[in-house]
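This report concerns only the one structure given below.
One is the number of the first residue; the rest follow in order along the sequence. Both counts, for ligands and for their atoms, begin at 1 and track the order of listing.
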Amino acid sequence: MASTPSPRTAATTLQNSLLSSSSSSSINHNKPSNLSFLHASSNSSSLKLVHSVSASFSPSNSSSTICNVLKTVESADISFSNARDLDGVVSIPKPIILVSEKLGEAGLDLLRSFGNVDCSYDLSPQDLCAKISLCDALIVRSGTKVTRQVFEAAQGRLKVVGRAGVGIDNVDLQAATEFGCLVVNAPTANTIAAAEHGIALLTSMARNVAQADASMKAGKWLRSKYVGVSLVGKTLAVMGFGKVGSEVARRAKGLGMHVIAHDPYAPADRARAIGVDLVSFEQAIATADFVSLHMPLTPATKKVFNDDTFAKMKKGVRLINVARGGVIDEDALVRALDSGIVAQAALDVFTVEPPPKDSKLVQHENVTVTPHLGASTKEAQEGVAIEIAEAVVGALNGELSATAVNAPMVPPEVLSELAPYVVLAEKLGRLAVQLVTGGSGIQNVKVVYKSARDPDSLDTRLLRAMVTKGIIEPISDTIINLVNADFSSKQKGLRISEERVIVDSSPEYPVETIQVQISNVQSRFASALSENGNISIEGKVKYGVPHLTRVGSFSVDVSLEGNLILCKQVDQPGMIGQVGNILGESNVNVSFMSVGRTVRRKQAIMAIGVDEEPNKDTQKKIGEVSAIEEFVFLKL
Ligand SMILES: NC(=O)C1=CN([C@@H]2O[C@H](COP(=O)(O)OP(=O)(O)OC[C@H]3O[C@@H](n4cnc5c(N)ncnc54)[C@H](O)[C@@H]3O)[C@@H](O)[C@H]2O)C=CC1
Ligand SMILES: O=C(O)C(=O)COP(=O)(O)O
């Protein structure tokens, strides 16, 4: 027997729907597809995995506006097939995790206990693209470039990229977000290793350790050539006062150095606490004897050390870089070394890694180099491997990792509480879009949450993302999830606004009702228009199950499971029987029925939940019932 999932499982299942998997009608437009994936649905107590869904869809222009493709949505062929094992539980194949660079054993063990791990080091970009469509997760260090091409080649399967380290400049985050792929990193485990390497480079550079060692090994004994400089009392400028930078500062203080730092985002009190003055960029570079770089590589920091900046430095300054090669204009550094502005440089990182063998910078006699070893201690690599394995496994389980780089962090307890509302939000979005007449064009959607809770304590990002998913996923060529919902809606020219209305009910429940309104469109079912001319549907969660409670200005009450027929009719006896008979004759099973009316004996809306899709003939017969003014069949 299928057991009732625990709240944790429920939250995880929900997160899968939010993050890692497609839901009931996810469709890959790029090629007709037959996909198997998890679908979050609800029963009275909690969420269950219920369906494997196969969907086929013809290609469409992904840049088309919603109006151009609504007709296609209406004719999409979506078929459901259960994929349960003997216990009625969906069997899920183990995820495939590609590890493209050396990772510590403890992390690999953790990954192996969860999925099938493919350690393929030194893949060419072409080989990576060829493999990636078979992988659910990819773990990299700094050597693998995770480009847009990689996400394209993944064809929607890649759910998470784990960066076993800090810097994510080798991952195209924009592309990851567009493709709905979560990126997580391991930001803490290599901090000390990087800081210690920075100090190692600082001290060995000051005393010419590497050069002296090389010359002795070449049979020389050059004591006067390698006279060094002392550190005590010298000024060190730490550029980027984050995790590594502050640990370098702490250690340099211990060496008796005067430490200043530049970081536009660092709090002054944190610097002051370890006796470091935060100063401007200009002041830092103009006064320092040693400059140590610890900022990330971003568009703002690219080549920030260039001819102009070197010209402003103290003559004879010494430079250490354990951050990223790209923050330095390397040609300018060679010029600064040649002119003596920079007396020495100690570099662990390079614009291109490995740098060309004939690199003037690497070969320069006043430069000490290491091949990106900052994070390479046994301890750091074990720590990083565990940190990233946990983050990737969590992400594959649908959890939103605390180290997510391109998605909001949502605590598990919030996810668990919102679980049925998230399903409701997606279904309302899916219903609302089907009520729009093909070709009308959707630009403005408003989601109204009625809740007894203080608006500040209600996190609606998940709900908004799921309404968005319901609306645009059927016409999108990518899976929509929490990572890419906002991006995808903007790209399609869709403006989704939100309103929170405080109601006088129990704050025990996060949301009383969710209403989805679509304005300035025509509807296939005129009764779905409210007084102000907007398509408007509203739902609520009852006993854990999402229900449709309002269509236009009519109240209804039907569980949002299976499919739905909405009929507008004259309010008169016998209507339920007539329509029920027609459906029964064609073997369409009715799961729920509800009638809502505005004025007695005048007009009513009948909402009928059906397990199967009525064929054209059956739909025609319903339309021919004289008291029925209009009706629409909607897929949930
Ligand atoms: N060589 C190696 O093996 C390693 C290199 N790293 C690199 O070191 C860098 C720092 O790492 P963490 O300290 O862990 O990161 P972090 O995020 O804790 O610190 C980075 C700091 O740089 C600051 N920053 C951003 N833009 C800046 C700017 N324009 N000017 C000055 N400061 C700026 C941020 O406010 C932040 O405080 C990263 O680029 C990372 O990739 C980290 C670990 C190992
Ligand atoms: O964590 C970082 O940012 C690093 O640069 C470490 O890189 P690596 O994992 O050793 O290739």
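- No side-chain donor from either of Glu247 and Thr191 sits under 3.5 Å from a side-chain acceptor of the other.
- In terms of the ring-ring contact (aromatic ring centres under 6.0 Å, His included) criterion, His294 has no residue partners (sequence neighbours excluded).
- Given atom 4 (C) of ligand 2, the protein heavy atom at minimum distance is Arg163 NH2, 3.3 Å.
- Panel note: side chain Asp109, backbone Ala106; no donor-acceptor pair is recorded below 3.5 Å.
- Proximity of Ala164 to ligand 2, defined as any heavy-atom pair under 4.0 Å, is confined to the backbone N, CA, C and O atoms.
- The aromatic rings of His262 and Phe281 sit perpendicular to each other, their planes meeting at more than 60°, with 30° as the lower class boundary.
- Of the protein's non-hydrogen atoms, the one nearest atom 10 (O) of ligand 2 is Arg141 NH2, 2.8 Å.
- The part of Asn190 lying near ligand 2 is the side chain, judged by heavy-atom distances below 4.0 Å.
- Using a distance-only test at 3.5 Å, with no hydrogens or angles considered, no donor-acceptor pair links the side chain of Gln211 to the main chain of Tyr226.
- A donor and an acceptor atom, one from each side chain of Ser280 and Glu282, are nowhere located under 3.5 Å apart.
- Judged purely by atom type and a 3.5 angstrom limit, Arg270 has no side-chain atom pairing as donor or acceptor with the backbone of Ser246.
- Taking all atoms of both residues into account, the shortest heavy-atom contact from Ile320 to Leu202 is CD1-CD1, 3.6 Å.
- The residue Glu101 has no part lying near ligand 2, judged by heavy-atom distances below 4.0 Å.
- Residue Gly165 has at least one heavy-atom neighbour below 4.0 Å for each of these atoms of ligand 2: 1 (O).
- Taking only nitrogen or oxygen atoms, main chain and side chain alike, Val166 reaches within less than 3.5 Å of ligand 2.
- At most 12 non-hydrogen atoms from other residues, nucleotides or ligands lie less than 6.0 angstrom from CZ of Arg495.
- For the pair Asp118 (side chain) and Leu98 (backbone), a donor-acceptor distance under 3.5 Å is absent.
- Of all atoms in ligand 2, numbered sequentially from 1 with element shown, those under 4.0 Å from a heavy atom of His372 are 4 (C), 5 (O), 6 (C), 7 (O).
- Panel note: side chain Glu473, backbone Ile480; a donor-acceptor pair is recorded below 3.5 Å.
- Of the N and O atoms on the side chains of Thr144 and Ser100, at least one donor lies less than 3.5 Å from an acceptor on the other residue.
- Not a single N or O atom of Gln381, backbone or side chain, sits closer than 3.5 Å to an N or O atom of ligand 2.
- The distance criterion of under 3.5 Å between nitrogen or oxygen atoms is not met by Ser376 with respect to ligand 2.
- Residue-level proximity to ligand 2 for Ser142 is carried by backbone and side chain together, each with a heavy atom below 4.0 angstrom.
- Listed by chain and residue number, the protein contacts of ligand 1 are Val166, Gly167, Asn190, Ala194, Gly240, Phe241, Gly242, Lys243, Val244, His262, Asp263, Pro264, Tyr265, His294, Met295, Pro296, Thr301, Val322, Ala323, Arg324, Asp348, Val349, His372, Gly374, Ala375 (heavy atom within 4.0 angstrom).
- Residue Glu353 does not touch ligand 2, judged by heavy-atom distances below 4.0 Å.
- Counting the atoms of ligand 2 from 1 in the order shown, those under 4.0 Å from a heavy atom of Ala375 are 6 (C), 10 (O).
- Below 3.5 Å of separation, one finds an N or O of Gly167 facing an N or O of ligand 2.
- The main-chain N or O of His372 is found under 3.5 Å from a side-chain atom of Asp348 such that the two form a donor-acceptor pair.
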